[in-house]
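Keep in mind that the numbers below use all heavy atoms, side chains included, and drop hydrogens, waters and symmetry copies. Just so we're clear, the structure is a prediction, and the values are computed from it rather than from any experiment. Remember, it's 1-based here, ligands and their atoms both numbered in the order they're listed.
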Amino acid sequence: MIETGNLTKAMGEKLIVKDVSLTIGRGESVAVLGPNGAGKSTWLKLVAGLIRPTSGTISINGKKRKQDSYLQQKDLGYLGHQSFLYDQFSPYENLMYYAKLYGMKHPQKRIDELIERINLTYFKHEPVRSFSRGMVQRTAIARAILHEPELLLLDEPHTGLDQQSKAWFSAMVQDVKRNGTTVVMVTHEFDQMMNVCDRVVVFRNGRVTEDASVSAATSLTEVKELYDKQQVVLA
Ligand SMILES: Nc1ncnc2c1ncn2[C@@H]1O[C@H](COP(=O)(O)OP(=O)(O)OP(=O)(O)O)[C@@H](O)[C@H]1O
């Protein structure tokens, strides 16, 4: 489904992503962990087609990825640090706008269901600019999954979510997984990630330093140990 081959991204003099070769199969759910500045978000943006690699390849479903307007890629849902919502519009208007962009035929029912699931029915017609951080994040998640993409790329999806919303979010990821969606999630939330991910990839200093499956036998402590492993990576 996703294949990055020797993927490298430089910003000015700095190498942010260094020679990353990763293959993620259809229907897998992968957590991307690593310390601040490790290159996780940059790698995800490369996969989303948001930025262009300096060298290396990115393939999605066997097709080489070109830099496109990712928001119009029907097979892809991307949640970034920015919400990509229009402040002056309500959740309903925002979702309707994106539904049109994705060419959804009769989006009304899906939008109503999603607004209910994110628990914003009462605020359905209020402008997003009046929302709390968590309410914005819930709306942004709804935007990312609106068109039921095959591939969901989520950058720190738990940001701003309260416990109830985190539980909703985990249930939503379980649901889309059941439908065969591939999920890649950059996160710092170990326990949340353990609920939904099958595999853990650790980035450090622009490189992948660990890649392990989260089997039923793997405990949270073991994943934390994996993450904490001190590996000296030479630039
Ligand atoms: N547009 C940019 N121009 C220059 N440097 C950048 C740019 N974007 C990211 N960087 C740098 O690249 C490095 C990796 O950033 P990135 O956001 O990919 O890290 P991350 O692993 O997602 O970190 P975090 O956990 O803090 O979100 C950082 O040192 C950051 O300052």
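Scanning the protein heavy atoms around atom 3 (N) of ligand 1, the nearest turns out to be Met11 SD, 3.5 Å. The protein atom (non-hydrogen) at minimum distance from atom 17 (O) of ligand 1 is Ser41 CB, 3.6 Å. Among protein heavy atoms, the minimum distance from atom 26 (O) of ligand 1 is reached at Asn36 ND2, 2.9 Å. Of the protein's non-hydrogen atoms, Ile16 CD1, 4.1 Å is the one closest to atom 10 (N) of ligand 1. Looking only at heavy atoms of the protein, atom 31 (O) of ligand 1 is closest to Lys14 NZ, 3.9 Å. When only non-hydrogen protein atoms are considered, atom 15 (O) of ligand 1 lies nearest to Thr42 OG1, 3.8 Å.
An N or O contact shorter than 3.5 Å links Gly37 to ligand 1 by distance.
Using a 4.0 Å cutoff on heavy atoms, Pro35 counts as a contact of ligand 1. Using a 4.0 Å cutoff on heavy atoms, His188 counts as a contact of ligand 1.
Looking only at distances, a side-chain donor or acceptor of Arg110 sits under 3.5 Å from a matching main-chain atom of Leu146. For the pair Lys177 (side chain) and Val196 (backbone), a donor-acceptor distance under 3.5 Å is present.
Annotation: Phe89 is not in aromatic contact with Tyr97 [ring centroid separation under 6.0 Å not met].
Atom NE2 of His158 is separated from atom CD1 of Ile141 by 8.0 Å, given to the nearest 0.5 angstrom. With values rounded to the nearest 0.5 angstrom, Met135 atom CE is found 11.0 Å from Asp162 atom CG.
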